[in-house]
Amino acid sequence: MRVQTVLTTQKQDASNLSGKELPLMEEFYSVQGEGYNNGVPAYFLRLAGCDVGCKWCDVKESWEADAHPVVHVNTMTERVLQSGATNVVITGGEPTLHNLDPLTRELKRHGLSTWIETAGTNELTGFWDWVCFSPKKFKVPHESIYAKVDELKVVINHRSDFRWAEQHAARVSEECQLFLQPEWSRRDQLMPSIFDFVLTHPRWRISLQTHKYLNVR
Ligand code: SF4
């Protein structure tokens, strides 16, 4: 069952934050619907602020950090623990805009697994058990991300994106898990070509947005 927490912390200027307080758009307990950890229960912390600007973004309301309340990392951790979750997904927005050292240190101090979903556009801070890198054509990733990636997840929006996906795959480690995921609004048109590509490029796997099929967050 999902647990939705109402955010009541007062809005503050989201700039110049030490990382002890972070702009939080929403938080909920659900299952990871995508990629390697698909189907695994996890608590989601969606941080606000994004410097990418994908035209097909389905959380555009996350883009403006100042439009969301600022929450202390201790408060976030308490809410995670109250939910009973053992895994925490830090997502956005683009979470690398923020100093994630204090949040991930606090989560790990309580034995929680820390996962991140990032387009890698800024230097990655924090302490991670799983790094999912999902590059976007709208902004070049920071060079340092490639050495830290456990999972490469590329959203396919056009047939030309397969070549682009391979270019990123060539830069991550051999152990990195590779996923292709259709852009949701064009999934019916794109799935046949993704299916064929995976058969001929078996290092890749298909990622479906299970949570959208289940109509949960
Ligand atoms: S990186 Fe994520 S939050 Fe930012 S625009 Fe792209 S899809 Fe939206």
Side-chain angles (χ1 to χ4, degrees), residues 7 11 14-15 17 22-28 30-38 42-71 76 88-100 103 114-126 128 130-146 148-158 160-162 164-165 167-169 171-172 178-187 190 194 206-213 216-217:
L7 301 178
K11 291 177 185 176
S15 61
L17 297 175
L22 297 166
L24 184 63
M25 177 188 148
E26 63 176 351
E27 56 188 311
F28 52 92
S30 184
V31 296
Q32 171 60 286
E34 305 177 1
Y36 182 80
N37 291 308
N38 183 26
Y43 196 96
F44 287 74
L45 295 169
R46 187 182 303 284
L47 302 182
C50 185
D51 57 351
V52 183
C54 307
K55 65 182 180 184
W56 37 258
C57 178
D58 57 3
V59 283
K60 289 190 170 74
E61 60 273 34
S62 72
W63 290 7
E64 292 300 324
D66 292 349
H68 298 279
V70 175
V71 181
M76 291 191 221
V88 185
V89 177
I90 312 300
T91 186
E94 175 42 55
T96 62
L97 281 171
H98 309 289
N99 175 9
L100 300 173
L103 174 59
T114 54
W115 304 349
I116 188 170
E117 301 265 339
T118 176
T121 50
N122 306 274
E123 195 155 4
L124 180 64
T125 55
W128 301 103
W130 195 258
V131 176
C132 175
F133 170 47
S134 185
K136 304 296 188 311
K137 280 185 168 175
F138 308 96
K139 186 161 186 184
V140 176
H142 195 280
E143 286 296 310
S144 62
I145 191 70
Y146 293 93
K148 301 174 180 173
V149 175
D150 298 296
E151 172 183 356
L152 172 64
K153 182 175 65 189
V154 178
V155 176
I156 299 295
N157 187 45
H158 186 270
S160 65
D161 291 339
F162 292 113
W164 190 72
Q167 290 169 355
H168 287 289
R171 302 189 62 185
V172 298
L178 307 184
F179 289 88
L180 298 174
Q181 179 174 294
E183 196 279 304
W184 177 253
S185 68
R186 302 191 62 229
R187 61 193 182 283
L190 294 165
I194 294 175
I206 295 172
S207 171
L208 300 176
Q209 293 180 290
T210 311
H211 54 298
K212 292 186 178 178
Y213 286 102
V216 299
R217 301 181 80 144

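One-based numbering, in listed order, for ligands and for the atoms of each.
- Considering only non-hydrogen protein atoms, atom 4 (Fe) of ligand 1 sits nearest to C50 SG, 2.3 Å.
- Interface atoms of ligand 1 facing W63, defined by a heavy-atom separation under 4.0 Å, are 5 (S), 8 (Fe).
- Here C57 meets the criterion, with an N, O or S atom under 2.8 Å of atom 8 (Fe) of ligand 1.
- For atom 3 (S) of ligand 1, the closest non-hydrogen atom of the protein is G93 N, 3.4 Å.
- Which parts of ligand 1 touch G53 is read off a 4.0 Å heavy-atom cut-off, strictly below it: atoms 5 (S).
- Within the 2.8 Å limit, C54 places at least one N, O or S atom next to atom 6 (Fe) of ligand 1.
- F133 and H168 have perpendicular rings, their planes meeting at more than 60° on a 0 to 90° scale where under 30° would count as parallel.
- S185 and E183 share a donor-acceptor pair across their side chains, judged by distance under 3.5 Å alone.
- Taking a 4.0 Å cut-off on heavy atoms, F138 fails to register as neighbouring ligand 1.
- Taking the six-membered ring where the residue is Trp, W184 and Y213 present perpendicular rings, their angle passing 60° and hence far from 30°.
- The local environment of CD in Q209 is crowded, with over 12 non-hydrogen atoms from other residues, nucleotides or ligands closer than 6.0 Å.
- For S207 and Q181, the side-chain atoms include at least one donor-acceptor pair closer than 3.5 Å.
- Between E34 and K212 there is no salt bridge, since no side-chain nitrogen of the basic residue lies less than 4.0 Å from a carboxylate oxygen of the acidic one.
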